[in-house]
Amino acid sequence: MADPLPDRRPGHPVALDVGLGDRMARPADQENPDAYVRIKERLKDGIVVSGCKLHISEASVADEVLVVPTRSLRPEDKDYAVAFAVPGDWDGLKQVVTIHNLRERKHFKRGFTPGATDSYMIFDNCFVNISPYSKIIIEPNAKLELRNGTQLTKNRCCDIMWDGIYLNDNTSTLIATSSTLGITVIEYSINGIVASNNANLNIIGVNFNNNATSMKLKNYLPQQTTFNIKLNKFNGGQMVKPYLGERSWYGIKAENVDNVIIGDFSSNIGNRFQNLYCGIYSLNSYIRVYGNHFIDIVDNPNNPYQCQSLTNPLLVCKPTAIHSAHSLTNNPSFINAPKKVEIGYINTFDNCVNGIKVYNQMATISSNIVRAVMNAIDIHDPLNYSEIKNNIVENCSNGTSPYKGIQVLKTQPGFINLSINNNSVKTRGMGIYVGNCKSQRLSQYRTFFVDINENTVKVAHPNNATKGIVVQNCPAAYVKCNTIDRLTAFLPSEPMANILHGISVEQTQNAEIQQNHVKYMGAGINVYGCSDLTQFYCNTLESDFYGFLFNQHASITNQGTEKIRTDNKWTPYGNYSGYYLGQQVEHKLWALNHNLNPNG
């Protein structure tokens with residue numbers, strides 16, 4: 001539907017009735033082809049229509065007239081399958097108006113004489129342009145199909161973006177697919193596709209190019225409708241007016257959506273998101289993201305979103321491949337989708353500022369491949385039973401320490417169940433950071449768990465201040481069976497040994513650090529602050545400058561007993577003793593550790 005005057009709120013009489021001609025014949029079979037309104041010519045920036053409509057009430061005094069078909073159509077009637085809106089005085093539209101005055105009353109006189117009009121509307125080679133900000137509306141019980149090379153694009157005559165396709169009902173359907181006959185393209189739109197209230201979507205193999213936002217999803221309940229979004233390419237680029245010079249913002253935005261799949265779980269045939277400010281942005285929604293590829297989600301100085309607040313976790317404040325957030329409080333107007341998100345099963349990320357950011361949700365981040373990303377996986381205020389597992393992270397694009405492979409930080413009070421298991425992290429910054437995530441131990445049992453197990457961290461920088469695994473203020477955490485080493489098989493310089501740590505235990509009490517293997521680091525295990533009741537068992541610290549390094553502010557309690565071995569092993573470097581003791585730990589019991597220094 002072309003809307004040439006988007007800033008007005010016009011009245012729209014509906015031009016429905018037709019001339020009909022031979023009532024026994026279908027539109028394409030009419031002796032007079034203009035008995036119905038039809039597309040006479042297709043141009044690059046619009047269409048030319050011809051035909052007539054009868055008895056259109058009040059069209060002569062309306063701002064615009066909405067023209068729609070009046071009967072069911074066959075494939076051979078395709079030229080008559082046209083709907084549009086034009087002003088009542090549009091060039092090429094002629095109205096023959098009939099005025100109807102009601103009979104005067106004999107009793108109860110009115111102060112005025114009412115009347116009515118209707119029009120015989122003649123479309124005489126009337127040009128209908130695809131105007132700036134125009135939109136396509138799919139009404140309830142209607143279906144629109146875009147197939148085999150259909151292209152929806154900007155108005156070439158004025159170089160201004162169009163609005164998008166809107167469907168707002170669970171009986172509305174949009175099918176957009178490509179084939180060997182051609183690629184379907186939706187480009188240079190402000191909103192692309194806007195689907196809400198469980199509208200049916202089957203979007204497969206479409207190219208979305210240079211849109212401000214390519215797809216918006218709103219108010220979806222658990223799936224009771226057709227819903228497929230896969231094999232599409234969401235390509236960002238330079239937009240035209242009204243966003244001239246800016247880069248595309250979002251691939252997909254989901255708000256108040258419950259249980260929507262983006263991509264494909266079973267066959268890894270997801271979507272590609274490239275050169276955008278944000279690939280997928282989800283707010284107050286439960287989405288599942290499988291098998292997608294995110295590439296070149298990087299900074300752009302011309303993007304206004306760069307100025308958004310860095311302190312509001314609901315906003316995308318830096319280029320991010322996937323940003324999923326949930327408000328701390330429920331809103332009565334929301335559908336209140338579950339506070340969870342699933343991102344996994346071979347999503348790949350290449351050359352992004354931020355890979356995955358999650359706020360205030362139960363996150364399952366599994367089996368993703370993240371390469372050349374500054375901050376790969378970042379979860380703030382995770383909810384219970386969040387897990388990060390089986391991911392491959394290679395964020396080697398920046399050599400400064402603030403960048404992290406995996407970060408989990410909790411700022412809200414309370415205990416949490418959290419698992420970070422079986423991940424492989426290769427980093428020039430920090431490998432795994434966990435902050436303020438508190439387990440709870442009652443007697444010998446833990447009712448809440450923070451487990452950091454069986455991860456591999458490889459530090460790629462030859463001589464840089466960094467840490468493999470950091471647990472900060474995480475009481476009763478388990479750090480077990482992890483492997484941390486540097487890719488260079490030599491030790492750092494002595495000044496760097498104090499700030500290059502394999503495992504750093506900071507202000508963390510009653511934790512268990514056991515069966516970890518650290519190699520070629522400045523300190524195998526660093527302890528900072530009060531870490532009373534934390535136990536170190538069966539760790540192997542091989543060829544580290546220091547085996548254990550205790551900061552001068554560190555405090556610990558006895559390790560093991562005379563009958564129970566702690567059995568830590570370290571092979572220090574050169575003539576160093578293998579550990580450095582701060583004054584608070586010099587007289588604590590260390591039971592039966594092994595210093596494997598051949599020099600004593």
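Predicted, not measured: the structure shown is a model, and the values here were computed from it.
Using cut-offs of 30° and 60° for the angle between ring planes, the Phe227 and Tyr220 rings count as perpendicular. Ring-plane geometry between Tyr345 and Tyr290 is classed as perpendicular, the angle between the planes exceeding 60 degrees on a 0 to 90 degree scale with a lower cut at 30.
Classification of Asp79 and Arg42 as a salt-bridged pair holds, one side-chain N sitting under 4.0 Å from a carboxylate O. Glu145 has a carboxylate O that lies under 4.0 Å from a charged side-chain N of Lys143, or vice versa, which qualifies the two as a salt bridge. With respect to Arg74 and Asp29, a salt bridge is recorded, a charged nitrogen being found less than 4.0 Å from a carboxylate O. Using a cut-off of 4.0 Å between Lys/Arg side-chain N and Asp/Glu carboxylate O, Lys94 and Asp124 are scored as salt-bridged.
For Asn198 against Leu221, the heavy-atom pair with the smallest separation is OD1-N, 2.8 Å. When every heavy atom of Ile280 is checked against every heavy atom of Phe294, the shortest pair comes out as CD1-CZ, 3.8 Å. Closest non-hydrogen pair, Met239 versus Asn210, comes out as CG-O, 3.7 Å.
With values rounded to the nearest 0.5 angstrom, Leu276 atom CG is found 6.0 Å from Ser248 atom OG. Ile165 contributes atom CD1, which lies 5.0 Å from atom CG of Leu174 (distance to the nearest 0.5 angstrom). The CZ atom of Phe127 sits 8.0 Å away from the CH2 atom of Trp90 when rounded to the nearest 0.5 Å. With rounding to the nearest 0.5 Å, the separation of CG in Asn292 from CG in Asn347 is 5.0 Å.
Using a distance-only test at 3.5 Å, with no hydrogens or angles considered, a donor-acceptor pair links the side chain of Lys53 to the main chain of Val68. Looking at Ser179, its side chain does come within 3.5 Å of a backbone N or O of Leu181 through a donor-acceptor pair.
Taking the centre and axis of the six-membered ring of Tyr286, the NZ or CZ atom of Lys340 falls inside the cone set by 45° and 6.0 Å.
Not less than 6.0 angstrom separates the ring centroid of Tyr359 from the ring centroid of His380.
Other residues, nucleotides and ligands contribute at most 12 non-hydrogen atoms within 6.0 Å of the CD1 atom of Ile99.
Between Ser196 and the choices Asn256, Asn168, Asn170, the side-chain hydrogen bond (donor to acceptor under 3.5 Å, both in side chains) rule is met once, by Asn168.
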